[in-house]
Amino acid sequence: MASENAILDCQNHLSHLSQLQDNACFIEPTGKNQWRISSKEKPTIEVHVNMDETTGFITRLNWRQVFE
């Protein structure tokens, strides 16, 4: 649950990451307006999102839980 909350927080603040109090995610660009967000906590959850550059609206494309 903590991993999903961290992902949601990072996803909701993707356009202004500097305002996050504690960045609990790894964020990487994967293409034009697409990002991979991974939680730092275990179990790791990874999502791919698309951010509309005109509206700032974020759409989750897919997600997965990473097992180690």
Side-chain angles (χ1 to χ4, degrees):
M1 190 68 155
S3 295
E4 179 63 23
N5 288 337
I7 289 289
L8 285 173
D9 197 32
C10 292
Q11 180 179 317
N12 291 334
H13 293 93
L14 186 60
S15 61
H16 47 279
L17 292 173
S18 62
Q19 293 181 1
L20 281 175
Q21 299 281 342
D22 179 31
N23 190 359
C25 304
F26 298 109
I27 301 172
E28 308 172 69
T30 60
K32 183 175 171 131
N33 300 325
Q34 293 188 3
W35 303 86
R36 178 184 313 137
I37 305 171
S38 303
S39 64
K40 291 180 181 178
E41 289 195 31
K42 305 288 186 215
T44 303
I45 296 176
E46 183 177 279
V47 298
H48 288 89
V49 297
N50 183 58
M51 183 170 60
D52 184 297
E53 60 187 34
T54 56
T55 64
F57 186 75
I58 297 173
T59 304
R60 190 177 281 194
L61 303 173
N62 61 33
W63 73 276
R64 71 183 185 118
Q65 183 172 351
V66 180
F67 296 98
E68 294 182 13

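Starting from 1, each residue takes its place in the sequence as its number.
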Under the side-chain hydrogen bond (donor to acceptor under 3.5 Å, both in side chains) test, residues paired with N33 that sit two or more places apart: E53
Any disulfide (SG to SG under 2.5 Å) involving residues 25-68? Give me the pairs, sequence neighbours left out, ordered by first then second residue. C10-C25
Identify the two heavy atoms, one from L8 and one from R60, that lie closest to each other, and give their separation to 0.1 Å. CD2-NH2, 3.6 Å
Would you indicate whether the side-chain heavy atoms of V66 and R64 approach each other to under 4.5 Å? yes
Identify, with sequence neighbours excluded, every residue that meets salt bridge (charged side-chain N to carboxylate O under 4.0 Å, His left out) alongside K42. E68
Please list all pairs passing the disulfide (SG to SG under 2.5 Å) test where one or both residues lie in residues 28-68, with sequence neighbours left out. none
Please list all pairs meeting disulfide (SG to SG under 2.5 Å) that have one or both residues in residues 34-63, counting only residues at least two apart or in different chains. none
Do L14 and W63 belong to the same hydrophobic cluster, where Ile, Leu, Val, Met, Phe, Trp and Tyr are linked whenever their side-chain heavy atoms lie under 4.5 Å apart, directly or via other members? yes
What residues form a side-chain hydrogen bond (donor to acceptor under 3.5 Å, both in side chains) with D52, not counting sequence neighbours? T54, T55
Only counting residues at least two apart or in another chain, list the ones meeting side-chain hydrogen bond (donor to acceptor under 3.5 Å, both in side chains) with R36. E28, H48
S39 side chain to I7 backbone, donor-acceptor under 3.5 Å: no
Taking only residues two or more places apart in sequence or in another chain, which ones pass salt bridge (charged side-chain N to carboxylate O under 4.0 Å, His left out) with E41? none
If you take all heavy atoms of W35 and I27, which pair is closest and at what distance? CE3-CG2, 3.8 Å
Picking from N12, V47, V49, I37, what satisfies side-chain contact (heavy atoms from CB on, under 4.5 Å) with I58? V49
